[in-house]
Structures are given as C-alpha cells and as structure tokens.
Amino acid sequence: EFIDIRKPELDLFESLKKSGMPHLEFCKSPTEKIIYVWLSVYLTEALMRNCSGKLVRSVIPQCGISPQGNLVHPPEKPGLSYSEPIRYKIDFIILFSDSENPDTDVRVAVELDGHDFHSSKQDKKRDEERNRFLLSKLIIPVHFPASVAQQDPKKVIDQIIYIGSK
C-alpha cells in the first residue's frame with residue numbers, strides 16, 4: 001500500500017485554504033505551498049513585531065510579469081486570465097519595503113526549480129533569458145531546487161529574507 005508522506009502537509013494546506021489564506025490555491029505544487037505558508041508566517045510575525053528596516057511587504061504567488069516589466073497580480077481564481085498580457089509567470093514575487101526609502105520596493109522573484117521543468121539545455125537557456133529580463137527590470141531572480149525547499153523550507157526562507165534585505 002502506497003502512503004504519501006506529504007499527507008499531513010496536504011491536509012494542512014486544505015485547512016488553510018478553507019480558512020481563507022489568500023492565494024494558496026494559486027500555488028501549483030506542494031513545494032510552492034510550503035514556501036508560501038512559511039513566507040506568510042514570516043510576514044505575519046514581522047508585522048506583529050513591527051520590525052524596522054526592510055521587511056516583507058507582500059508575497060504574490062504565480063505573479064505575472066508584463067512585457068514592460070510590470071507586476072501583474074494573478075486573477076481572482078485559478079484558470080482565469082491575467083488582467084493584461086504577461087511575458088513570464090514567476091512562482092513568487094516578494095516585495096520588501098525599506099523604511100528609509102518608503103517609495104522603493106526591493107522585488108525578488110523566487111523560482112522553485114523542479115527537475116521536470118528546469119533540467120534540459122533548453123530549460124536552462126529559457127531560465128537565463130528570463131533572469132536577464134528580470135534584472136533589466138530591477139527584479140532580483142533567485143532559484144532554489146524544489147528538493148531543498150521541501151527538505152529545509154526555513155533555510156530557503158532565511159536566504160530569501162537575506163537577499164531581499166540587502
């Protein structure tokens with residue numbers, strides 16, 4: 001008999017979705033859901049502590065990037081179209097605010113690279129092209145192997161926070 005070791009996590013995601021956690025249903029894989037929940041917990045804790053300096057202001061799963069480099073929020077429900085044409089869809093965009101410069105957000109594009117979509121030469125070329133485009137629009141791209149995000153999500157979150165706060 002097959003036992004899915006992720007069952008407790010999947011049950012938690014289902015409970016969180018029912019409780020109204022925004023955008024959880026946009027996460028395409030269990031790994032994306034894990035990182036989204038961890039980022040949401042971090043965001044809540046940071047707001048409760050009223051942190052000064054740079055902190056996570058927003059987490060946007062499945063964020064579109066327009067041909068001009070603008071962020072395009074996902075539609076209200078999965079399956080609907082984005083409000084404008086998108087050039088790329090990013091697993092997560094994380095906006096960090098800076099208390100010293102409140103008009104400027106640091107934008108970090110997080111990609112969780114699963115073997116199925118990021119291992120061939122063509123996939124790597126596509127990722128490099130997307131990274132160059134993001135950098136040209138002042139969006140910092142970061143990639144994590146999905147296996148690392150599943151095994152140690154806290155480490156991934158700490159690295160994202162470190163990158164966004166520099």
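Hydrogens, waters and symmetry mates play no part in the numbers below; they use all other heavy atoms, side chains included. Bear in mind the structure is a predicted one, so any value in this text is a computation, not a measurement.
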Exercise for the section: Report whether Val72 and Val59 are members of the same hydrophobic cluster (ILVMFWY, side-chain heavy atoms less than 4.5 Å apart, transitive linking). Expected result: no
Handout entry: ILVMFWY network linking Leu95 to Tyr82, side-chain heavy atoms under 4.5 angstrom
Key = no
Can you name the residues that form a side-chain contact (heavy atoms from CB on, under 4.5 Å) with [X], not counting sequence neighbours?
X: Pro85; answer: none
X: Thr104; answer: Asn101
X: Lys155; answer: Asp152, Gln159

Sequence neighbours excluded and cut-off under 3.5 Å, please list the side-chain donor-acceptor pairs for residues 132-142, or say none.
residue : atom : partner : partner atom : Å
Ser136  : OG   : Phe133  : O            : 2.6

To the nearest 0.5 Å, what is the distance between [atom1] on [X] and [atom2] on [Y]?
X: Phe96; Y: Ile163; atom1: CZ; atom2: CD1; result: 8.5 Å
X: His73; Y: Cys63; atom1: NE2; atom2: SG; result: 6.0 Å
X: Ile94; Y: Ile161; atom1: CD1; atom2: CD1; result: 7.0 Å
X: Ile86; Y: Glu84; atom1: CD1; atom2: CD; result: 9.5 Å
X: Glu111; Y: Lys89; atom1: CD; atom2: NZ; result: 11.0 Å
X: Arg107; Y: Ile93; atom1: CZ; atom2: CD1; result: 7.5 Å

Problem - Val110/Ile90 under side-chain contact (heavy atoms from CB on, under 4.5 Å): CA gap, chis, key distance, verdict - result: CA-CA 7 Å; Val110 176; Ile90 306 297; 5.9 Å; no
Please name the pair of heavy atoms, one in [X] and one in [Y], separated by the smallest distance, quoted to 0.1 Å.
X: Gly164; Y: Val106; value: O-CG1, 3.8 Å
X: Pro74; Y: Pro61; value: CG-O, 3.5 Å
X: Asp91; Y: Leu112; value: OD2-N, 2.8 Å

Handout entry: Criterion side-chain hydrogen bond (donor to acceptor under 3.5 Å, both in side chains) against Asp123, the qualifying member of Arg126, Lys125, Lys121
Key = Arg126
Practice task
Assess whether atom CD of Gln68 is packed by more than 12 heavy atoms of other residues, nucleotides or ligands within 6.0 Å.
Solution key: yes
Fill in the blank from the handout: By side chain to side chain donor-acceptor pair (under 3.5 Å), Glu129 pairs with (sequence neighbours left out) Tyr88
Practice task
Please list, chain by chain and in numerical order, all residues satisfying side chain to side chain donor-acceptor pair (under 3.5 Å) with Asp158, sequence neighbours excluded.
Solution key: Lys154
Handout entry: Lys/Arg-Asp/Glu bridge criterion (N-O < 4.0 Å) met for Asp127, Arg130
Key = yes
Handout entry: Verdict with supporting geometry, Ile65 and Arg87, side-chain contact (heavy atoms from CB on, under 4.5 Å)
Key = CA-CA 6 Å; Ile65 306 293; Arg87 181 168 178 177; 5.5 Å; no
